[in-house]
Amino acid sequence: MFPFPPSAAWHTRTPGGCELDLACFVQLINEMGGMQQVTDLKKWNKLADMLRIPKTAQDRLAKLQEAYCQYLLSYDSLSPEEHKKLEKE
């Protein structure tokens, strides 16, 4: 389930200039068990590939992690009750 409506409003550019679909990003992170699991199991490369970030993009993993912290970390840090409240709004 997307916490955000999948639309052009939820696309951003990483510092490397690649387009990043935030709704897809958060869905994939959640399907992979969350940021901690992705980090612990060293799945950032797989995630970047799934998001179609070119392997030639400079510092693609670091920039993907930065994008997560900038755009998604605060949402993922909310309690389930806070998630439900936001989804109703």
Side-chain angles (χ1 to χ4, degrees):
M1 178 171 160
F2 290 124
F4 312 113
S7 69
W10 293 104
H11 287 247
T12 190
R13 294 219 174 258
T14 64
C18 300
E19 186 171 292
L20 181 60
D21 179 338
L22 294 176
C24 184
F25 187 19
V26 75
Q27 181 182 16
L28 289 172
I29 282 269
N30 289 334
E31 287 174 1
M32 296 173 91
M35 181 188 179
Q36 191 62 52
Q37 189 81 352
V38 170
T39 300
D40 290 349
L41 298 176
K42 299 179 181 173
K43 298 279 187 173
W44 284 102
N45 268 316
K46 181 178 180 179
L47 182 61
D49 290 341
M50 293 170 76
L51 290 166
R52 296 185 188 112
I53 298 174
K55 292 181 192 284
T56 57
Q58 186 175 0
D59 299 323
R60 77 180 188 145
L61 302 183
K63 289 176 180 168
L64 189 58
Q65 291 168 343
E66 285 175 27
Y68 175 85
C69 291
Q70 183 176 358
Y71 299 111
L72 302 175
L73 181 60
S74 59
Y75 178 82
D76 279 351
S77 299
L78 297 175
S79 70
E81 294 80 24
E82 291 170 316
H83 281 203
K84 288 177 186 176
K85 182 180 177 184
L86 280 176
E87 289 170 8
K88 288 180 183 178
E89 292 178 358

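No experiment lies behind these values; they were computed from the predicted model shown.
Two residues are said to be in side-chain contact when any heavy atoms from C-beta on lie closer than 4.5 Å; Val26 and Tyr68 fail this criterion. Side-chain atoms of Asn30 and Leu28, non-hydrogen and from C-beta on, never get closer than 4.5 Å to each other. In this structure, the side chains of Asp76 and Ile29 come closer than 4.5 Å at one or more pairs of heavy atoms. The shortest distance between side-chain heavy atoms of Leu64 and Leu47 falls below 4.5 Å.
Side-chain atoms of Asp59 do not come within 3.5 Å of backbone N or O of Ala62 as any donor-acceptor pair. Proximity of a side-chain donor or acceptor of Glu82 to a complementary backbone N or O of Ser79 within less than 3.5 Å is detected. For Lys43 (side chain) and Met32 (main-chain N/O), no donor-acceptor pair under 3.5 Å exists by modelled atom type.
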Next item on the list: Could you walk me through whether Asp21 and Leu51 pass the side chain to side chain contact (heavy atoms under 4.5 Å, CB included) test, one step at a time?
Entry: CA-CA 8 Å; Asp21 179 338; Leu51 290 166; 5.6 Å; no
Next item on the list: Run the numbers on Ser77 and Leu73 for side chain to side chain contact (heavy atoms under 4.5 Å, CB included), then give the verdict.
Entry: CA-CA 6 Å; Ser77 299; Leu73 181 60; 3.9 Å; yes
Next item on the list: Start with the C-alpha distance between Glu66 and Gln70, add both sets of side-chain angles, then the distance that settles side-chain hydrogen bond (donor to acceptor under 3.5 Å, both in side chains), and finish with yes or no.
Entry: CA-CA 6 Å; Glu66 285 175 27; Gln70 183 176 358; over 6 Å; no
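The minimum heavy-atom distance linking Pro54 with Arg60 is given by the pair O-CD, 3.3 Å.
With sequence neighbours excluded, the residues forming a side-chain hydrogen bond (donor to acceptor under 3.5 Å, both in side chains) with Lys55 are Asp49, listed by chain and number.
Note on Leu41 and Met35: separate hydrophobic clusters, where clusters join Ile, Leu, Val, Met, Phe, Trp and Tyr whose side-chain heavy atoms are under 4.5 Å apart, directly or indirectly.
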